[in-house]
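First up is the structure itself, then whatever we jot down about it.
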Amino acid sequence: RERMTDHQVRLIAGALGTVGHHEWAPAGAGKTLAALAIAARSASQGPIVVVTPSAVLPGWETQTLRWTLMDPRILSGQTPHKLKAEKGAVYLIGWENLKHWRTALKTLKPRMLIYDESHYLRRPRRVRAVQQRDGSVRYDDLNNTLAAATDLSRSIKKRLSLTASPIPGRIADLWVQLDLIEPWQWGSFFEFAQRYAGPMHNGYGWAYDGVSSAQELKTRLETVRTWISLAETHAHLPPKRREVVMLPFGQQDKPVGMKREIQQAQSDPSTFFEALLAEAASRKETQTCRRVTDALLSGQKVVVFTARRRHVERLRDKLTKHLQKKCPRADLFWGHGEVSPEERDKTRQEYMNHPGPCVLVGTGAAWGVGIDLQDTDLALFVMLPWTPDALIQWEGRFHRLGQKRPVLVTYLICEGTADEQVADTLLGKLDDIVEVQEEATLTDINHALAGIDESDEGKIALLTRISQRQL
């Protein structure tokens, strides 16, 4: 008890005596330790199962060994084997492999199930309809992660979810988490979306991109969740500041090697727009190198997040040459999804233990969830993700318990490119989410992307000129 903060005690108290509970708290608030304390009460009766992103598995193993007497066991690969239902055992498995271990985990008859980063699942499709000869319809389970998670949830009596961003992009995304932790209590996805997700019929089908009955939803959530605000958890930490840097055309690099890719992607709108975002990111490389170098020369530690593995390698190579000339004493670390979680964790430890100056370059997908990078002075976001939850998670790597220095989060946006439309899209999504999830981080990010200075909300927005445009 003396090692825990007051908000961690609240998280534990909220889950005790319940069979299904949601823990919503900012990144870096100590949810893992609170969950382990809850799990320890059930571990004497049987095994515990923790489902988390694969990149976070080493962190859960370390925390379990450090703070509890439980025995962590990481399940890796897609070929399951027989598991022992031993008391005190904690089986750790990545979301990516859950469907392969579904039967083996059910056979354990676990006492408790923990879904870490529960927002990982948002697509509600877990069954398919099969038309029978007599005209009836049979529903068969799909062999996907959600079907496996649902099967586990309905066979385990105590369930707990942990997340810093419960609403990834739309209110409708919340249903999957609610149904996993409280099976059958929230109705079908259609029933939930019709009531709470601002349903609109577009002539072809229903679209659920808004919010409705927000106050009713908030009232219902109060009974099944423990919500800890950023003000409660991070008030004593060194400050975090945000800035949006608009790069005019004259400061942008000439795109290299992107013309052919964009032409080939034109037949697929999503691939085409992703290629345009990559093209925008390639225009920022010189400015990224300059900003990183300036920070390193002043002795700072820097993290650069982008969204493409190939772009990580381009930045790594360009920064290596740049630093050899400008700042040879600085070290460079890098990693993306093709690097194993174990190697990434080793790199993370080297970065965290480095006295500085140094820089870490990686993809937000590989480094942006459940990883401690709080020993950072400057975080550069070179390529924006599509959803607000990703931005919240990315920022949460730096502003968290254990932080000892102020951090500046910088969004680099190229004028006249797809960057502007992504910023505009994020603003639209944030407005709806804030109605249900009253979190200061969401409002602050909304203001930052809109160009509102955090110290003066009356400042004219830098991005008011953003409008929907045909790309």
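As a basis for the values below, the full set of heavy atoms in this structure was taken, side chains included, without hydrogen atoms, waters or symmetry mates.
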- Task: Dump the intermediate steps for salt bridge (Lys or Arg N to Asp or Glu O under 4.0 Å) on R220 and E216, then the final yes or no.
- Result: CA-CA 6 Å; R220 289 188 66 184; E216 176 187 316; 5.0 Å; no
Lys/Arg-Asp/Glu bridge criterion (N-O < 4.0 Å) met for [X], [Y]:
X	Y	result
D419	K284	yes
E313	R309	no
R126	D179	yes

Can you tell me if [X] uses its side chain to pair, donor with acceptor, with the backbone of [Y] under 3.5 Å?
X	Y	answer
W175	G187	yes
R10	D6	no
R170	D209	no
W334	V312	no
W101	G77	yes
R316	V361	no
K31	P26	yes
E343	S340	no

For [X], look at atom [atom1] and say whether over 12 heavy atoms of other residues, nucleotides or ligands are found less than 6.0 Å away.
X	atom1	value
K99	NZ	yes
R123	CZ	no
L16	CG	yes

- Item | Short side-chain donor-acceptor distance under 3.5 Å, S153 and Y115 | yes
- Query: For W186, is the NZ or CZ atom of R195 found under 6.0 angstrom from the centre of its six-membered ring and inside 45 degrees of the ring axis?
  - Reply: no
- How many angstroms lie between atom OG of S118 and atom CH2 of W95, to the nearest 0.5 angstrom? 7.0 Å
Which donor-acceptor pairs under 3.5 Å do side chains of residues 103-113 form with protein atoms, sequence neighbours excluded?
residue, atom, partner, partner atom, Å
K106, NZ, D151, OD1, 3.2
K106, NZ, D151, OD2, 3.4
T107, OG1, T103, O, 2.8
R111, NE, Q45, OE1, 3.4
R111, NH2, Q45, OE1, 2.7

- Task: Could you check H21, R159, H22, Q177 and say which one makes a side chain to side chain donor-acceptor pair (under 3.5 Å) with E182?
- Result: H22
